[in-house]
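Inspection log for the structure reproduced underneath, given as C-alpha cells.
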Amino acid sequence: MERAIKALLLALLYVVAVSVMELFGFYHPVFWTYSAVLASVAAAWPYYKLCQRFPLPGLAILCAVLLLLLNLLVGQGHEYFAIGCIGFGCIAEVLRKIFGNYRGRTGVIASYAAMSLIPFSKSIVLWKDYDATLELIISRMGDIYAAVRGYMLSRYMAIGMVILTLILAVLTMWILTRNWHPRDDYHLIIE
C-alpha cells in the first residue's frame with residue numbers, strides 16, 4: 001500500500017508542476033503563451049522519478065487523468081483538453097511499451113515527449129473561434145494581453161512552441177536519465 005501511495009504522490013507532483021506553470025499565465029502573457037514550454041522542463045523530474053521507481057503500465061495515463069481532473073475541478077477543462085489528456089496519455093503508454101517495455105530509458109524519453117504536448121490541447125479551443133476566445137481572455141486578463149494580441153498563438157508561434165516544447169522535453173529527460181537504473185522489483189504490492 002505504501003508503494004501505491006508513493007506512486008500516486010509522484011503523479012500528483014507531476015500534475016502540480018504542470019499546473020503551476022499554467023498559473024504563471026495569470027501574471028504575464030509570455031507565461032500564458034509559453035506555459036507548455038515551461039511545463040516541459042518543470043514536470044520532467046516527477047515523471048522521471050515515477051517511471052524509475054514504478055516502471056508499470058498505466059502511469060502516464062494516471063498522470064494525464066489526474067491533470068484532467070484537476071482542471072475540471074477548477075473550471076479549466078473542456079472537451080478538447082479531455083481528448084488531449086487521454087490521447088497523449090495513451091500515446092505515451094504505447095511509446096513506453098514500444099521503446100522499453102516500461103523499463104527502458106528510450107521509452108521514458110519518448111513517452112515524456114508525448115506527455116509534454118498535453119497543455120497544447122487547452123489552446124485548441126482558440127482555433128475553434130480564435131477572435132471570440134481571445135477577446136474573452138483579454139477581458140479577463142487585462143490590457144497587457146490586449147497589447148500582445150497579434151503575437152498570442154499565431155500559427156507560426158504555435159508550431160514553434162510545439163517544436164520547442166518537444167526539444168526541451170526530450171533534452172531534459174535525456175539529461176535526467178543519463179544514469180538510468182529502474183528498480184528490479186517494480187510490482188506495486190497492495191496489502
Side-chain angles (χ1 to χ4, degrees), residues 1-23 35-74 76-124 162 165-191:
M1 187 68 164
E2 181 181 329
R3 289 177 56 102
I5 291 171
K6 286 181 181 178
L8 184 60
L9 288 175
L10 281 170
L12 287 172
L13 189 58
Y14 166 84
V15 169
V16 167
V18 172
S19 300
V20 165
M21 293 300 111
E22 290 179 352
L23 285 176
S35 65
V37 177
L38 300 172
S40 70
V41 176
W45 185 85
Y47 189 81
Y48 158 71
K49 280 301 189 185
L50 184 65
C51 292
Q52 181 190 35
R53 292 183 181 175
F54 309 101
L56 295 166
L59 292 179
I61 292 175
L62 172 66
C63 289
V65 167
L66 289 174
L67 187 61
L68 174 62
L69 290 175
L70 175 67
N71 278 274
L72 288 172
L73 185 68
V74 297
Q76 293 293 316
H78 49 73
E79 64 272 8
Y80 299 112
F81 188 63
I83 292 168
C85 283
I86 302 304
F88 287 122
C90 289
I91 290 169
E93 285 298 330
V94 168
L95 290 172
R96 284 182 67 206
K97 178 70 174 169
I98 290 172
F99 290 114
N101 200 23
Y102 302 107
R103 298 182 53 75
R105 178 182 185 206
T106 307
V108 174
I109 294 170
S111 70
Y112 186 66
M115 292 294 286
S116 71
L117 296 176
I118 288 176
F120 287 107
S121 56
K122 267 191 180 177
S123 61
I124 289 175
V162 168
T165 299
L166 287 172
I167 289 170
L168 284 175
V170 168
L171 183 63
T172 305
M173 194 55 70
W174 180 79
I175 291 169
L176 287 173
T177 60
R178 282 180 302 181
N179 299 316
W180 177 254
H181 299 291
R183 300 256 171 110
D184 291 331
D185 177 22
Y186 58 91
H187 295 289
L188 286 175
I189 300 170
I190 301 175
E191 299 168 354

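Going from atom OG of Ser40 over to atom CD1 of Ile167 covers 10.5 Å, rounded to the nearest 0.5 Å. Note: Leu95 CG to Thr106 OG1 = 11.0 Å, rounded to the nearest 0.5 Å. The structure places CG of Leu62 at 11.0 Å from CG of Leu67, a figure rounded to the nearest 0.5 Å. To the nearest 0.5 Å, atoms CZ (Phe54) and CG (Leu8) are separated by 10.0 Å. Distance check: Thr172 OG1 to Ile109 CD1 gives 10.5 Å after rounding to the nearest 0.5 Å. Considering OG of Ser121 and CZ of Phe81, their distance stands at 5.0 Å, rounded to 0.5 Å.
Annotation: side chain of Val65 is not in contact with side chain of Cys85 (no heavy-atom distance under 4.5 Å). Looking at heavy atoms from C-beta onward, Lys97 lies out of side-chain contact with Pro57 at the 4.5 angstrom threshold.
A salt bridge links Glu2 with Lys6: the closest approach of a Lys/Arg side-chain nitrogen to an acidic carboxylate oxygen falls below 4.0 angstrom.
The two residues Val170 and Ala113 have their closest heavy-atom pair at CG2-CB, 3.9 Å. Taking all atoms of both residues into account, the shortest heavy-atom contact from Cys63 to Met115 is CB-CE, 3.8 Å. Minimum heavy-atom separation, Gly84 to Ile118: O-CG1, 4.1 Å. For Ala42 against Ala17, the heavy-atom pair with the smallest separation is O-CB, 3.6 Å. When all heavy atoms of Met21 and Leu38 are compared, the closest pair comes out as SD-CB, 3.6 Å. The minimum heavy-atom distance linking Met173 with Ala44 is given by the pair CE-O, 3.3 Å.
Take Phe88 and apply the ring-ring contact (aromatic ring centres under 6.0 Å, His included) test, not counting sequence neighbours, and it matches no residue. Shown here are the salt bridge (charged side-chain N to carboxylate O under 4.0 Å, His left out) partners of Lys49, two or more places apart in sequence or in another chain: there are none.
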Pair Leu50-Tyr14, side chain to side chain contact (heavy atoms under 4.5 Å, CB included): steps then yes or no: CA-CA 9 Å; Leu50 184 65; Tyr14 166 84; 6.0 Å; no
Derivation of the side chain to side chain contact (heavy atoms under 4.5 Å, CB included) call for Arg178 and Arg105: CA-CA 8 Å; Arg178 282 180 302 181; Arg105 178 182 185 206; 4.0 Å; yes
Steps toward side chain to side chain contact (heavy atoms under 4.5 Å, CB included) verdict (Leu59, Cys51): CA-CA 8 Å; Leu59 292 179; Cys51 292; 5.8 Å; no
Chi angles and distances behind the side chain to side chain contact (heavy atoms under 4.5 Å, CB included) call for Leu73, Leu69: CA-CA 6 Å; Leu73 185 68; Leu69 290 175; over 6 Å; no
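A side-chain N or O of Ser111 and one of Tyr47 form a donor-acceptor pair less than 3.5 Å apart.
Between the side chain of Tyr112 and the main chain of Tyr48, no donor-acceptor pair closer than 3.5 Å is present. Counting only distance, with no hydrogens or angles, the side chain of Arg96 and the backbone of Gly58 share no donor-acceptor pair below 3.5 Å.
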